[in-house]
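The structure appears right after this line, and notes come after that.
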Amino acid sequence: MSATLPMQISYPEQLPVTQRRHDIAEAIRDHQVVIVAGETGSGKTTQLPKICLELGRGQEGGVIGHTQPRRIAARTVAERIAAELGTELGQLVGYQVRFTDRSSAQTMVKVMTDGILLAEVQRDRDLRRYDTIIIDEAHERSLNIDFILGYVKQLLPRRPDLKVVITSATIDPRRFSAHFDDAPVIEVSGRMYPVEVRYRELTDDQTQGITDAVRELLTAGPGDILVFLSGEREIRDAADALRRLRPTRVSDAFEVLSLYARLSSAEQHRVFAPHQRRRVVLATNVAETSLTVPGIRYVVDTGLARISRFSARTKVQRLPIEPISKASADQRKGRCGRQADGICIRLYAEEDFDARPEFTDPEIVRTNLASVILQMTALGLGDIGRFPFVEPPDTRSVQAGIQLLEEIGAITSARRARRSKPRGRAETRMADGRTAVSSGKNATPALTTIGRQLAQLPVDPRLGRMIVEGHRNGCLREVIIVAAALSIQDPRERPSEQQDAADAAHRRFADPTSDFAGLLNLWGFVKEQQKELSSSAFRRLCKTDFLNYLRIREWQDLDSQLRQVSKQLGLSLTKTPASAEAVHRSLLAGLLSHIGMKDVDKRDYLGARGSRFAIFPGSALAKKQPPFVMSAELVETSRLWGRVNAAIEPEWAESIGAHLVKRTYSEPHWEYKRGAVMAFEKVTLYGIPIVSERKVDYGRIDRAVARDLFIRHALVQGEWRTHHRFFHANQEVLAEAEELEQRARRRGIVVDDETLFDFYDERVGPDVVSTAHFDSWWKQQRRTTPQLLEFSLDLVVQDAADDLSVQEFPDVWRHGDAAMPLVYEFDPGAESDGVTVEI
DNA sequence: TGGGGATTT
């Protein structure tokens with residue numbers, strides 16, 4: 001059956017999976033999808049590809065694809081399979097992770113990260129390259145795994161020849177089985193020594209609980225202790241307390257080590273180095289799946305972890321400390337007992353454990369979905385609501401993802417497309433910043449040109465958006481460097497013992513107005529040193545300058561990758577150095593909802609949608625906080641923090657966010673000097689005032705109101721200096737009527753302003769909103785109707801005053817030869833009231 | 001005024 005296989009396949013007898021290999025082979029032969037459930041040590045990861053090979057799969061043009069959640073795992077799994085098959089890595093067995101492809105045309109088993117498989121979907125929609133796909137560690141339920149499980153589900157009918165094997169820890173294999181129409185489940189036992197669980201509910205604080213537990217375990221026998229905590233601070237507190245602990249016996253002496261992802265590589269390596277003394281390792285979740293600490297006999301579990309959650313309401317990522325699930329607690333427990341019996345002390349009550357949720361929420365229900373939606377839309381997968389997810393994300397999260405994609409101009413919803421108007425018109429500029437987009441029923445957004453480009457860029461959509469804008473602003477080189485830095489882990493190290501020295505070393509690159517500029521400075525320094533130094537001297541420099549060499553390499557690799565993809569997208573690199581403003585304007589294109597306005601009183605920032613955030617203390621902007629900032633990352637921990645920031649000019653956001661800004665106008669008023677109606681414009685972006693009181697020509701905003709005010713003030717009230725004949729003639733007519741009022745000692749003879757307004761309103765052209773508009777309109781109009789705007793005395797005098805005439809009230813009192821002027825005034829109570837003869 | 005962990009043609 002394996003005629004084309006060059007070697008004999010054998011299975012290590014001691015592995016539990018070996019006993020079930022015939023059942024597994026049979027199941028794969030008879031079913032399209034098989035679930036293999038088994039704990040660590042069952043051998044499923046390495047033996048399943050061999051079973052598939054023996055079934056004749058991975059041959060004659062097809063490849064066995066095998067996905068891993070992490071890069072390191074992809075490499076080591078491939079190495080082990082290759083070794084067991086007695087072949088060289090990269091031939092029959094290969095692997096591919098980002099930046100490294102060690103597979104070839106001969107490769108029958110290709111181990112890769114799940115992200116690589118997803119990326120391949122873009123150009124091989126039916127995954128024709130594979131005849132078998134093994135999805136390992138599916139219980140981890142990462143975003144990638146859930147997307148693959150959904151994608152494969154809808155692919156199966158189109159690829160009846162494709163076999164899929166899902167592997168999972170023994171927790172809940174039924175869920176996967178149900179997702180794949182009751183696919184058979186084969187359970188394989190693990191190879192674990194028994195672990196005794198002791199519940200020690202906290203009576204004091206956590207640090208006390210940890211020291212008590214450690215003391216208890218020290219007396220239980222030899223072996224290292226692994227403590228799970230929620231974060232760096234808790235680790236520091238516990239380490240301090242444990243170092244103060246004085247063991248009563250010499251044999252109880254131990255050293256304390258920390259382990260978390262941001263630890264410097266030297267500090268991390270200590271954990272894996274051989275050692276004599278007993279150890280207590282204080283770790284975050286990094287030790288739950290990613291790193292295996294060797295030689296652990298005992299586990300202390302605080303039962304807590306920081307879990308990332310995305311709030312669809314506030315649109316920010318949160319990192320609350322939460323009680324972990326049963327599955328996670330059991331995974332922690334399983335970290336001891338790999339070499340001998342173990343003990344796991346849980347710092348909570350058994351009833352507490354029993355009441356906890358079975359599983360940790362899968363990432364897809366906890367994360368920002370913009371990237372997934374973008375990829376799905378690019379793949380033409382249609383309605384997200386109908387995609388066969390194992391566990392569909394919440395509608396509100398999907399909406400939030402769509403909203404973000406709209407913010408960065410990646411998609412246009414059907415509604416927005418219908419509403420859009422030609423640019424440059426007042427209506428267009430008055431974009432309403434509407435937030436709701438599409439209902440679940442017609443949630444099929446359309447990709448814009450930008451969106452199609454973003455789908456090709458292997459970075460977060462916000463970062464991709466910066467890159468696209470960088471091309472437009474002639475600073476692609478710089479923006480790619482920044483975007484690359486933002487998508488990897490910070491290459492700057494801050495070892496716990498030398499924080500001040502590390503900060504000082506890093507401060508050399510800091511720019512007080514921009515952390516992004518600081519990254520560019522660091523990049524320049526690294527490039528220069530690399531040019532001048534030998535490879536080993538450069539590594540030494542990294543160490544003394546508190547830089548993580550591997551992450552620097554990762555940064556540079558990602559930079560090259562992004563340059564290459566950009567080139568394919570037709571985005572061109574610039575040779576000449578770009579201005580800081582061009583770079584920051586480009587970055588802002590991806591961070592429109594991450595801007596903030598300084599609140600001087602509260603020493604923090606007003607952010608989008610009424611949120612408030614503070615500058616993270618590690619930022620170069622923490623000391624002198626500028627009036628407006630943008631933040632690359634907003635994460636809520638003890639409070640909402642902006643981690644990587646730069647000062648911005650708020651006006652930049654007005655043009656880049658033209659599709660989102662709201663404009664409101666106040667105090668429209670006539671300005672005599674300008675001969676126009678002006679008003680104050682306020683521009684807000686997500687509720688942040690980016691322009692507070694800008695005087696604008698209101699005629700372009702609201703024609704009706706501006707015309708009304710023009711007529712009232714310029715024409716009716718005469719607040720205008722002009723030579724138009726009708727204007728002066730009308731004023732004389734009015735003056736005559738007013739004189740009549742004085743002489744007749746009656747008010748109400750002259751018509752009120754409303755009548756005059758109506759007169760002009762009926763006659764003046766509809767577009768006349770200022771003196772300039774009037775002049776050009778009247779220039780045409782008066783040729784045909786020169787008298788159009790002239791008042792008659794009849795118009796300005798009330799009907800009831802018709803019987804009166806100015807002649808009845810003479811201007812002069814004649815007495816003999818003398819002619820004395822008469823002055824009329826109607827002002828009861830005043831001395832001048834009545835007729836006054838001037839002698 | 002101090003943040004869990006992965007991953008990408």
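Residue numbering restarts at 1 for every chain, and letters A, B, ... go by the order of the sequence lines.
- Using a 4.5 Å cut-off on side-chain heavy atoms (C-beta onward), A:Leu640 and A:Val635 make no contact.
- The distance from atom CG of A:Asn645 to atom C1' of B:dT1 is 13 Å, rounded to the nearest whole Å.
- Contact annotation: A:Gln489 reaches the phosphate of B:dA6 (side-chain N/O to OP1 or OP2, under 4.0 Å).
- Taking the six-membered ring for Trp and the full ring otherwise, the centers of A:Phe387 and A:Phe147 sit less than 6.0 Å from each other.
- The shortest side-chain heavy-atom distance between A:Gln96 and A:Lys110 falls under the 4.5 Å cut-off.
- A:Thr113 comes within 4.0 angstrom of sugar-phosphate atoms only, judged by non-hydrogen atoms across all strands, and of no base.
- With rounding to whole Å, A:Glu322 atom CD is found 14 Å from B:dG5 atom C1'.
- Within the 4.0 Å cut-off from OP1 or OP2 of B:dT1, not a single side-chain nitrogen or oxygen of A:Arg639 is found.
- In terms of modelled atom types and a separation under 3.5 Å, the side chain of A:Asp124 and the main chain of A:Arg128 share a donor-acceptor contact.
- Backbone-only contact: A:Ser230 has heavy atoms under 4.0 Å from sugar-phosphate atoms and none from a base.
- Using a 4.0 Å heavy-atom cutoff across all strands shown, A:Arg70 reaches sugar-phosphate atoms only and no base atom.
- Among the heavy atoms of the strands lying under 4.0 Å from A:Arg71 are primed sugar atoms or P, OP1, OP2 only; no base atom is included.
- Of the two residues near DNA chain B, A:Gly618 and A:Ser290, the one whose nearest nucleotide lies more 5' is A:Gly618.
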